[in-house]
Amino acid sequence: MDTRVPAKPSLEGIEDRWAERWEVAGTYRFDRSRPRPEVFAIDTPPPTVSGELHIGHVLSYTHTDTVARFQRMRGKAVFYPMGWDDNGLPTERRVQNHFGVRCDPSLPYDPGFTPPARPDPKTPVPVDRPNFVALCERLTATDEQAFETVFRRLGLSVDWSLGYTTIDAGSRRVAQLGFLRDLARGVAYQLDAPTMWDVDFNTAVAQAETEDRELPGAYQTLAFSTVDGAVVEVQTTRPELLPACVAVVAHPADQRYAGLVGQHLRTPLFGVRVPVYAHPLADPEKGSGLAMVCTFGDLTDVTWWRELALPARPTVGRDGRLLATPPAGVPAGPYAELAGRTVAAARRRIVELLAGAGALRAEPREITHPVKFYEKGDRPLEIVTSRQWYLGNGGRDEALRRALLARGDELRWHPATMRARYQNWVSGLTGDWLISRQRHYGVPFPLWYPLDGAGEPRYDQPLLPAEDALPIDPSTDVPAGYVPEQRGKPGGFAADPDVLDTWATSSLSPQIAAGAGRDGDLLARVFPMDLRPQAHDIIRTWLFGTVVRSHLEHGTLPWSDVAISGWVLDPDRKKMSKSIGNVVTPLRVLQRFGSDAVRHWAATARLGVDTAFDEGQLRVGRRLATKLLNASRFVLGFTDPGPAAAITAAVDRAMLARLARTVQTATAAFERYGHAEALAETETFFWWFCDDHLELVKARAYGDQGDTGRPADTAGAHSAVAALRQALDVVQRLFAPFLPFVTDEVWSWWRDGSVHRAPWPVPEPLHELARHPHPELTTLASWVLAGVRRAKSEAKVSMRAPVERLVVRVNEDQAAALRHAAIDLTLAAAAIHLEIETHTGDPDLEVVLAG
RNA sequence: GGGCGCGUAGCUCAGCGGGAGAGCACUCGGCUUACAACCGAGGGGUCGCUGGUUCGAACCCAGCCGCGCCCACCA
């Protein structure tokens, strides 16, 4: 036996051992000397750094890693970076609580700032933006280290030297440059308009980041009155917006209100005169068929307001409370009761006031209805008017929309059904992409505004930095032609206060990873990339955004293929990964079952399919890894007959022929991103190889002839062992993308270099060795073996128990094939007499046990 | 309301026009010199329901029922 093969192989400590060797050897280092056709570039998702990785990450990142390893073994230089998405709201929240600070961007930079020694989240210390950003960087650095530990332990073959974070200087430069280019080409623009607003986070949010939640509500029936004093009933779920009412609408075909259209009504309580309009969006089925138009209760209000050219009576402030003063034209008296209250409190109060005024015409009707929320928010979104930056994404431009839909068609989706989600989203866009956020830890908008004599910013004359000065922070940097003392002074300048939405940065992930703007050579070697792996919940945000940016800047898709992984569900299939993520942390699972086992579980899940977390399946992978150790040790335990040994036995050649088919099938599966099929194919072969083929040939491999009386069959043994070694070599490589630790372990016993740098197997050499195989022999031999085992099992005897007489009755072709396996069958079945007969009926087996 | 997908053995899933399968779980057997953290054998399913196409349907078509996800103007 080769001295490198351990007597008692074990999976103990295998992860740490190999992770370190790979790092030292630079096994996964990207070779940037290779031209684009020889590169396989992956746009790795940068996970959000705000909490912990969960088991869902393990699933999808494993999927990607199997592809990376497959491509690397096929000879590609694999560009496989890792990024961290470490800015945005969740990070800010964490930092505020951790350090006991609150970002106040109006404060000047204090170079000597230190966070409070004893943080108290209840009384946060105000801190200027540059210092707040520094604190964010400090905390996220710790999290990122923890993430890297998990991913290394998982065995991801990323090139860690290619790392980036979405807030680092390179990302800020790419993001700011991208914005300035979009500004120059007129795709980025500012608008003072109603937008969805999160009242807790105090920021505008984009359409893509909202979600519906079912909330209880109640229809109140309000009594409006006509000029002649008649009562008209209007139902609303948001009576607190009555002071914001600017009109009432009815459907054009609604006969009930045909006479009212064109007239005016007076609102209850306030007595404000509002017009009645006809509009097709008014639903006669809802409420009384009359809808109160407020500025703004929901997005339909915005539509009516815009299309009917209505005035604005803004009522809800950015903090989610009713404004201190009533809108113009609304009497202050009744409004004073509402001013300063939260929306919910104002709603309760106005119902009391309306009831007291006799303006409620019916009991409230309780309902449950969908309400828009920011996906990370806690209270319903309000709609407020504010100045924001937008990026054209086809929402208001049909030509662009069609072009982006065409990009979606051009992109190869895995699975293909996910394309529909993209089409759905792009077709349903109602506006452009709102990219500005009123937050602190993010990439700043790289511009300033001159201040006029009154100190008001001239938004139409932004002061732009030079491209080679990027990245900049306009809150500390000064525009050309000004001095720092002019900041905020009339005639001076002011920074744009906003930051780019995280997605507006991460939508440039391919360009960031590829060093766009600083390393054109690298960009040319990896862009457009080959693969974008991701989950399906961020098709509308990250995927779509990346397509938009690449289309605008490069006129191309950012990658040719996208692989969409599913989600991890609870064992009960009900809840999502978040709930089990708290219980089942990735590191604990990796430590408990072993990384290869966890990867095996992940790899059995096909793309796009949600999968249940199941500990039973984790044991399967563990068993497979152990099996590979033992089978490798066994095969390598036989003396190597050398490269000249001829593989002559039919059983050996049939096995290699079957393996050739496995290689072919697994390769084809991988080429279409079917990692799960590739694994299943390999696994099926391997278990058959261990359970049947090894049992069939082991005696011959030992040189054993049983009691045939003939001398040891050296040629037969050489054939068996040479074939076993060939098969082992191929099997170890086929498993390498899935079980990187154990495969490199067993590979190291007899091969030089890492299996992960070995070439992916091809079927041709196996066909060569298997020349003129009997294709049926493998299944026939297995059938005979199973029959013998069944007989012994039914007789409740050991599998070693001898068989007196074994009669196989098959058709002529099968008999001819089986005769080549006669010696192996005799030995494996412990049969004293084996007879192979031909007949015309179904295959038949007769087993007579000895004794 | 629109779109996509899923309903196959107790569980997780593969199969997607001609033999109903795998793993886990379960039952039984076996210390078999690679592996007892192992190996072998076995039981178990009117393939959601109803029609249709076909010589033949788990597989194709239509309708229905149930579940999930995405999207939607949520007054």
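Proteins come first, then strands; the chains are lettered A, B, ... in the order of their sequence lines, and each starts at number 1. Any value given below was found using the heavy atoms of this structure, including those in side chains, with hydrogens, waters and symmetry copies removed.
Taking 4.0 Å as the cut-off between side-chain N and carboxylate O, A/Glu681 and A/Arg661 do not count as a salt-bridged pair.
Relative to the side chain of A/Asp691, the nucleotides B/A75, B/C39, B/C70 differ in distance, and B/C39 lies closest. Comparing B/A72, B/C24, B/A34 against the side chain of A/Gln207 picks out B/A72 as the nearest. Listed nucleotides: B/C38, B/C71, B/A34. Nearest to the side chain of A/Leu694: B/A34. Ranking B/A75, B/A36, B/A34 by closeness to the A/Lys8 side chain, first place goes to B/A36.
Remark: A/Gln423 is not in phosphate contact with B/C70, judged by side-chain N or O atoms under 4.0 Å from OP1 or OP2. Phosphate contact (OP1/OP2 of B/A34, side-chain N/O of A/Arg633, threshold under 4.0 Å): absent. Side-chain nitrogen and oxygen atoms of A/Lys627 include at least one within less than 4.0 Å of the OP1 or OP2 phosphate oxygen of B/C39.
Residues passing the side chain to side chain contact (heavy atoms under 4.5 Å, CB included) test with A/Ala291, sequence neighbours excluded: A/Val249, A/Trp304.
Inspection of the A/Glu233 and A/Ser288 side chains reveals no N or O donor paired with an N or O acceptor under 3.5 Å.
Contacts between residues 784-795 of chain A and RNA chain B, counted as heavy-atom distances below 4.0 Å, involve A/Arg789, A/Arg790, A/Ser793.
When side chains are defined from C-beta on, A/Met196 counts as touching A/Leu299, because their heavy atoms get closer than 4.5 Å.
Between A/His369 and A/Glu12, the one whose closest nucleotide on RNA chain B sits nearer the 5' end is A/Glu12.
In summary, the aromatic rings of A/His251 and A/His279 are positioned with their centroids too far apart to meet the 6.0 Å limit.
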